[in-house]
Amino acid sequence: MMKIAIIGGTGVYDPQILNNIRDQEIATPYGVVRFKSGEYAGKEVAFLPRHGSNHSIPPHLINYRANIWAMKKVGVQNIIATTAVGSLNLAMKPGDFVLIDQFLDFIKNRTTTFYEGGERGVAHLDVTTPYCPSVRTLLAETASRLGISLHQQGTYVCTEGPRFETPAEIRMFAKLGGDVVGMTNVPEVILAREAEICYATVSMVTNFAAGISPQPLTHQEVVEAMAANSENIKKLILSAIES
Ligand code: HPA
């Protein structure tokens, strides 16, 4: 049976979209990972809310290596991830979905590899195409069939967080070619590539980034914008899994 995982970001916590849900607890070299598994359209689907089921884990403390290791261990072949993002690109507005295809890595204190020498050795991963073309194509085609508008490309800037950015940082990121900014996609995408899992992310724009937005940002604003779009993200992911 094809095994798929949904890694839900801010606002995507509800496993009830699946049938026959069960709790799973998987041991990894980095700690135990707890998540739900269920079925949808004849496929086995794991559901892992990245921040915990009640948003208790901040971006810089997520156990990215344990999460991806656990997905690999249970046989996941494809991951559809969601992320809430701020936008630096005036064409990508709050409420829009962006199928990111590149990233800029501005994290500071996270390990981004399973290969740290020793028994597992050293690896230098090619990230010319960081996000899996087949899952990206599937998501783009599904969105178009459902009439959900989706930007087909975008460069994701990953910051360390948990604070939001300064307007000066946002101006710098925009000059460097960033379109959206978030705090979690690195190292998640990298580790999925190392684990040879086909991984793609739908970013959901919740706000214009600091300095672009006229008001100071709040987490509440991000959560409310995600809630408004949660039906569309559910529809998109479930229809993609179904097809
Ligand atoms: N910055 C960083 N992460 C985010 C933002 C933002 O503006 N919005 C949602 N996640």
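Just so it is clear, the structure is predicted and the values come from calculations on it, not from any experiment. Note that ligands are numbered from 1 as they come in the structure, with each ligand's atoms numbered from 1 the same way.
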Side chain or backbone, does [X] bring an N or O within less than 3.5 Å of an N or O on ligand 1?
| X | answer |
| --- | --- |
| G86 | yes |
| N207 | yes |
| M183 | no |

Note: ligand 1 atoms sitting under 4.0 Å from heavy atoms of A84 are 9 (C), 10 (N)
Numbered in order shown, the ligand 1 atoms found under 4.0 Å of a heavy atom of E165 are 1 (N), 2 (C), 6 (C), 7 (O)
Note: T206, heavy atoms under 4.0 Å from ligand 1, region reported as side chain
shortest atom 4 (C) of ligand 1-to-protein heavy-atom contact is with V181 O, 3.6 Å
**Prompt:** Do you see a donor-acceptor pair shorter than 3.5 Å between the side chains of T111 and E116?
**Reply:** no
Would you say H60 and N109 are linked by a side-chain donor-acceptor pair, where the criterion is simply a distance under 3.5 Å? no
Value for CD (E196) from CG (L125), rounded to nearest 0.5 Å, stands at 9.0 Å
* Could you check whether the rings of W69 and Y30 sit parallel, tilted or perpendicular, using 30° and 60° as the cut-offs? => perpendicular
Less than 4.0 Å between a side-chain N and a carboxylate O, is that true for E160 and R110?
yes
Lys/Arg-Asp/Glu bridge criterion (N-O < 4.0 Å) met for E194, R120: no
